[in-house]
Structure formats: structure tokens, C-alpha cells
Chemist: 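If you scroll down you'll find the structure; I have some questions about it.
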Amino acid sequence: MKKVEAIIKPFKLDEVKEALHEIGIQGITVTEAKGFGRQKGHTELYRGAEYVVDFLPKVKIEVVLEDAVVERAVEAIQQAAHTGRIGDGKIFVVPIEDAVRIRTNERGSDAI
């Protein structure tokens, strides 16, 4: 099992959710996040004063999958979240040792 974590632009969330649904992935966790990468934020003008926005709004998507579907999920996220502009985000794939469904006590791939 692997956990796929994607940090994307908030307005791309619906497209990514649809892309994952189309390949048969049903359960995802979404968290609102703030951060920056290479773009290091940006400056904005508000009532004539310039200020720096260090942390940009992002969305973090997490999904735990069987190894067989990880690559399809990564490709789906990558295509759906892509704008071609700086700040499109990152995808991380992390190994998962075990999973437990609390309600039924199922373990491993049965729990996801």
C-alpha cells in the first residue's frame, strides 16, 4: 500500500477529485493548507501599501491505495492539477505499513 499526497492549487480540487473518481478511487482526504515552494510567495498592493504574501493558499489531498493503482492515480492528479504556471504543486508517494478500519477492525488492503 502507498499513500499519495498531492499539494495543489485550490481551484483545481474539483478537477482532481473527478479525475480520481473516474479511475475508481472513492475515498480521499482534503485539507486546506498554506505554503510556498520556489515562487517564495509574492507581493501585493492593498490600499496603496505593498506587502508580501509569504504563504499561498493550497489544498492537500491524501489517498491510500493498493500498489497496482498508484501510478494511474499519480498521472490522474498530475493531468488534472496542471496549469503550466508556477505553483502547480507537488505529488508525494509514501509507503504505508498497515491500515485499520476502526468500525470493522479490518486490516491492510481490506481496510482501504
Side-chain angles (χ1 to χ4, degrees):
M1 292 181 298
K2 301 265 194 287
K3 177 163 73 167
V4 176
E5 296 180 5
I7 311 295
I8 63 168
K9 293 181 175 185
F11 68 88
K12 285 295 199 171
L13 177 59
D14 286 337
E15 290 177 49
V16 170
K17 183 183 78 166
E18 274 301 311
L20 291 173
H21 183 71
E22 284 175 15
I23 63 169
I25 295 168
Q26 296 174 349
I28 66 171
T29 301
V30 176
T31 309
E32 290 183 20
K34 291 182 182 240
F36 65 88
R38 290 185 184 157
Q39 81 260 34
K40 308 258 191 310
H42 62 279
T43 57
E44 287 189 4
L45 213 58
Y46 180 72
R47 293 191 177 180
E50 190 174 277
Y51 66 99
V52 177
V53 178
D54 288 333
F55 297 103
L56 301 172
K58 301 289 182 183
V59 171
K60 180 179 181 181
I61 298 170
E62 297 172 280
V63 59
V64 177
L65 305 165
E66 295 277 355
D67 291 346
V69 295
V70 168
E71 196 54 44
R72 285 190 10 234
V74 168
E75 289 172 9
I77 294 168
Q78 189 173 8
Q79 290 174 2
H82 181 264
T83 67
R85 297 192 306 269
I86 194 163
D88 272 353
K90 297 265 189 326
I91 300 172
F92 305 100
V93 180
V94 183
I96 296 292
E97 277 188 41
D98 198 7
V100 178
R101 184 184 308 264
I102 295 171
R103 179 177 55 86
T104 61
N105 205 28
E106 293 171 295
R107 296 188 81 96
S109 59
D110 292 336
I112 58 172

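Note that this is a predicted model, so its numbers are computed, not measured.
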Chemist: Count I, L, V, M, F, W, Y as connected when their side-chain heavy atoms are under 4.5 Å apart, and connections chain through other members. Are F92 and V70 then in the same cluster?
Modeler: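 In one cluster with F92: V70, no.
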Chemist: Where do V63 and G27 come nearest, in terms of heavy atoms and distance?
Modeler: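 Here V63 and G27 meet closest at CG2-O, 3.2 Å.
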Chemist: Got V59 and V30 here, is their nearest side-chain heavy-atom distance under 4.5 Å?
Modeler: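 Yes, side chains in contact.
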Chemist: Just grab all the side chain to side chain donor-acceptor pair (under 3.5 Å) pairs involving residues 6-22, residues at least two apart or on different chains.
Modeler: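 Residue pairs with at least one partner in residues 6-22: K12-E15.
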Chemist: Rounded to the nearest 0.5 Å, how far does CD1 of I96 lie from CG of D67?
Modeler: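 Rounded to the nearest 0.5 Å, the CG-CD1 separation comes out at 10.5 Å.
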Chemist: When rounded to the nearest 0.5 angstrom, what distance separates CD1 in I112 from NZ in K3?
Modeler: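 Between I112 CD1 and K3 NZ, I get 12.5 Å after rounding to 0.5 Å.
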Chemist: Grab the two heavy atoms, one from A19 and one from A80, that are nearest each other, plus how far apart they are.
Modeler: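 For A19 and A80, the tightest heavy-atom pair comes out as CB-CB, 3.9 Å.
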Chemist: Would you mind writing out the side-chain donor-acceptor pairs for residues 82-91 within the sub-3.5 Å range, not counting sequence neighbours?
Modeler:
{"unit_1": "T83", "atom_1": "OG1", "unit_2": "R85", "atom_2": "N", "d": "3.1"}
{"unit_1": "T83", "atom_1": "OG1", "unit_2": "D88", "atom_2": "OD1", "d": "2.3"}
{"unit_1": "T83", "atom_1": "OG1", "unit_2": "D88", "atom_2": "OD2", "d": "3.4"}
{"unit_1": "D88", "atom_1": "OD1", "unit_2": "T83", "atom_2": "N", "d": "3.4"}
{"unit_1": "D88", "atom_1": "OD2", "unit_2": "T83", "atom_2": "N", "d": "2.8"}
{"unit_1": "D88", "atom_1": "OD2", "unit_2": "G84", "atom_2": "N", "d": "2.9"}

Chemist: In Å, rounded to the nearest 0.5 Å, how long is the span from CG of L65 to CG of L20?
Modeler: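 Those atoms lie 8.0 Å apart.
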Chemist: Kindly give the heavy-atom pair with the smallest separation between A99 and A111, and that separation in Å.
Modeler: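 It is O-CB, 3.6 Å.
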Chemist: Should the heavy atoms of other residues, nucleotides or ligands under 6.0 Å from CD of Q78 be counted, would the total exceed 12?
Modeler: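 Not buried by this count: 12 neighbours or fewer within 6.0 Å.
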Chemist: Roughly how far, to the nearest 0.5 Å, is the NZ atom of K58 from the NZ atom of K34?
Modeler: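 Rounded to the nearest 0.5 Å, the NZ-NZ separation comes to 12.0 Å.
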Chemist: I25, V16: one ILVMFWY side-chain cluster at the under-4.5 Å cut-off?
Modeler: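 In one cluster with I25: V16, yes.
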Chemist: Using side-chain heavy atoms (C-beta onward) and a distance below 4.5 Å, is L13 in contact with I61?
Modeler: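 They are in side-chain contact.
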Chemist: Roughly how far, to the nearest 0.5 Å, is the CD1 atom of I28 from the CD1 atom of I77?
Modeler: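 Atom-to-atom, I77:CD1 and I28:CD1 are 8.5 Å apart.
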Chemist: Determine whether K60 and I7 make a side-chain contact, defined as any pair of heavy atoms from C-beta on separated by less than 4.5 Å.
Modeler: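 Result yes, sub-4.5 Å side-chain heavy-atom pair found.
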Chemist: Quick one: do R107 and D98 make a salt bridge, cutoff under 4.0 Å?
Modeler: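 Judged by the 4.0 Å cut-off on N to carboxylate O distance, R107 and D98 do form a salt bridge.
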